[in-house]
Number of protein chains: 2
Amino acid sequence: MALIKPRSRRGGGRPTIADVARKAGVGAITVSRALREPERVSQDLRRQIQAAVDELGYVPDPNARALASARAEVFGVLVPSLTNNVFAEVVRGIYDSLSDSPFRIQLGNTHYSGLEEERLLQVFGSQRPAALIVAGIDQTPTSRKLLENAGCPVVQVMETGPDPVDMLVGFSHFDGGRTATEHLIEAGYRRIGFIGARMDPRSQRRLAGYRAAMEKAGLFDPRLVTTTPVLSSVPLGRELFRDALAKMPTLDGVFCNNDDIALGVLFECRRASIDVPKTIGIVGFNDLDMMQVAFPSITSIRTYRYEIGRRAVAMALAAIAGDRPQQRIVDLGFELMRRESTAR
Amino acid sequence: MALIKPRSRRGGGRPTIADVARKAGVGAITVSRALREPERVSQDLRRQIQAAVDELGYVPDPNARALASARAEVFGVLVPSLTNNVFAEVVRGIYDSLSDSPFRIQLGNTHYSGLEEERLLQVFGSQRPAALIVAGIDQTPTSRKLLENAGCPVVQVMETGPDPVDMLVGFSHFDGGRTATEHLIEAGYRRIGFIGARMDPRSQRRLAGYRAAMEKAGLFDPRLVTTTPVLSSVPLGRELFRDALAKMPTLDGVFCNNDDIALGVLFECRRASIDVPKTIGIVGFNDLDMMQVAFPSITSIRTYRYEIGRRAVAMALAAIAGDRPQQRIVDLGFELMRRESTAR
DNA sequence: CCACGTCATGGTAGCGCTACCATTTTCCCT
DNA sequence: AGGGAAAATGGTAGCGCTACCATGACGTGG
């Protein structure tokens, strides 16, 4: 029989809170407190403990912490795409806002699928996250229930609406679509097409805004609308524009679902020697930075993705701290950036 | 609605493995086994346990699991940027490869900072991840040590080289830069500039490849090189190109650090009525899909970012399963895509 | 001088799960 | 049939940390 118990079966001998406590000559719980609520521990002990921590290179085990406190220092973030620049910007805002907090980030990619979203919410929920940030407001009933029962602050982002699960930061895609279309109409375009890829709920709302504006002006014609469920890309924009033109040769303007599509349209116009903005006017959506540099520069609806990410975190942190913001719904709006592509 | 009600420590709502065990009339450990190694449990019990799990809606607590087994089912992924399409693609490959595994993903953004990388490795390491995937091979000595002592498979991605910490998947940026430059030289360009933003180690290597090709042809001139540490973007490409042209008006070609820069250069050429490819030839790097649609289409070095992510996961999973791949270093190469922007 | 609140600290008992055995059952052999 | 190995199942003891309560040392007011 070995009298000396070999150091723990698992864990590569990393120092634990007990090691720190022993070295500092205090109880383990005091170390725990010194790390989490320093003001509740006397100066002296705090210094001693810090010294022991530094010397041993102690880093708390987040798993043990989460288990003991029934709360993980994790933000769950669910977005429908990782490569779409729009969501990448939101995620970047979230990361930047969280970088000097103790919170880690668990990122999930729903691939625009409600089922996948349910699965991920299930997985994320099982970790007892500190907060959840999810894109959109069109969750399935199951997902919505999971969010309601998550037992943590929930922030829905990228949209606005009357009935969030908890909190909501974004803007109105319907208004954005309408504003873009009205701008084209005011600029004198009449046969204005809508070109949209990846018709997710947000794109649908932009389309609805387009339609409202067109109908109001007595210009709507269903043949002006060209959509596809395929994932958006610049090459796809080119193809959809060709289709639209084949279907409706008298087209004199296009409102694009997003900037990738708009760029594809622009390139095709140049290639086919179609004058922009004289023959065709183009409006994009999101205002990626390349829009202002393109030749001709492209009119677009500027949205504040990065800021949405930052606000979402700020609201979640406030809720965690206990002060529920008075404003549960924040509309960050958008701005129409008028450029050469609609200046005729 | 009190969303943040603290969970009571006892019987805090969610079913535990003990609840399932009781309902199924078996021991807790058997439930644990049925979930993790079904083949070690008899058909009968497996069915009973599954029924109990379904009925109770039991989801294992990953924190408790990680604590007990000293191993979290988490892949730590470190990239220098979230919005850079290149890394977004790698991350997407990683996500897709991991989506039907039990592994979650912990994403970290180093912002191209070695210090931030060290900090994140510290944080990630404290969770005892199942594997680590990090971008690049230029870690600080501290980071490298942290990786070596992580106690899990480590895959460095996006580059190739002789001495990985553990495993490595990527391609040679030096060769890519050289190939791009040689292509311009062969096409008859002589005063070929290098334009580069955010000169991270990979960009430096592309520049070195450019320089090697230029020197070999007797064409190198330091005034042909224009770089900046600023983050890359399309507008920046336009500005850098103007600078380069002001510095060296006889410029007749440019090899760009990446496709964003190349696109900015192209737009500026169009705007300034500089003929591409006759007056100026342009080559990008990465071959984003818009390159082939641009007008004129832009020559670029195609790289396999998504595949790099997938391979990295495959190698890590193999290592976790115990069979270390015989090939620790995988070079996925690149391909020169010749297009209109250099066809003169 | 004592009751009583307040502060600083510590002890104990888990959090939900799995590693490590121990035990029982089954199934071959000879 | 008996013996032994393998398969199936269970019990116990933590993993590293924190919630909860206990303790003792103060100060304060009556």
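A, B, ... follow the sequence lines: proteins, then strands. Residue 1 opens every chain.
Salt bridge present: A:Arg92 and A:Glu89 bring a charged side-chain N and a carboxylate O closer than 4.0 Å. Between A:Arg14 and A:Asp19 there is no salt bridge, since none of the side-chain N atoms of the basic residue sits less than 4.0 Å from a carboxylate O of the acidic one. Under a 4.0 Å N-O distance rule, the pair A:Lys145/A:Glu148 does not qualify as a salt bridge.
One side chain, A:Ser143 or A:Thr140, offers a donor N or O that lies under 3.5 Å from an acceptor on the other. Looking only at atom types and distance, the side chain of B:Arg36 has a donor-acceptor partner in the side chain of B:Ser32 under 3.5 Å away.
In this structure, of D:dC17, C:dT18, C:dC17, it is C:dC17 that holds the atom nearest to the side chain of B:Asp61. You'll find that the side chain of B:Arg65 is closest to C:dC17, out of C:dC17, C:dG16, C:dA19.
At C:dT18, one or more side-chain N or O atoms of B:Ser32 fall inside 4.0 Å of OP1 or OP2 (strictly under the cut-off).
Only one option out of B:Arg144, B:Gln156, B:Glu118 pairs with B:Gln139 in a side chain to side chain donor-acceptor pair (under 3.5 Å); it is B:Gln156.
Taking atom CG of B:Leu67 as the reference point, atom P of D:dG16 lies 7 Å away to the nearest angstrom. Atom P of nucleotide C:dC17 and atom CZ of B:Arg71 are separated by 20 Å, given to the nearest angstrom.
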Atom pairs under 3.5 Å: protein N/O with N/O of nucleotides 8-11 of chain D:
{"residue": "D:dT9", "atom": "OP1", "partner": "B:Ser42", "partner atom": "OG", "Å": "2.9"}
{"residue": "D:dT9", "atom": "OP2", "partner": "B:Ser42", "partner atom": "N", "Å": "2.8"}
{"residue": "D:dT9", "atom": "OP2", "partner": "B:Ser42", "partner atom": "OG", "Å": "3.2"}
{"residue": "D:dG10", "atom": "OP2", "partner": "B:Gly27", "partner atom": "N", "Å": "2.9"}
{"residue": "D:dG10", "atom": "OP2", "partner": "B:Thr30", "partner atom": "OG1", "Å": "2.5"}
{"residue": "D:dG10", "atom": "N7", "partner": "B:Arg33", "partner atom": "NH2", "Å": "3.0"}

Show me the protein contacts with nucleotides 22-25 of chain C, counting only N or O atoms at under 3.5 Å.
none

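In this structure, B:Arg71 contributes its side chain and B:Ala130 its backbone to no donor-acceptor pair below 3.5 Å.
Residues in residues 95-138 of chain A take part in these ring pair (Phe, Tyr, Trp, His ring centres under 6.0 Å) pairs, two or more places apart or across chains: A:Phe75-A:Phe103.
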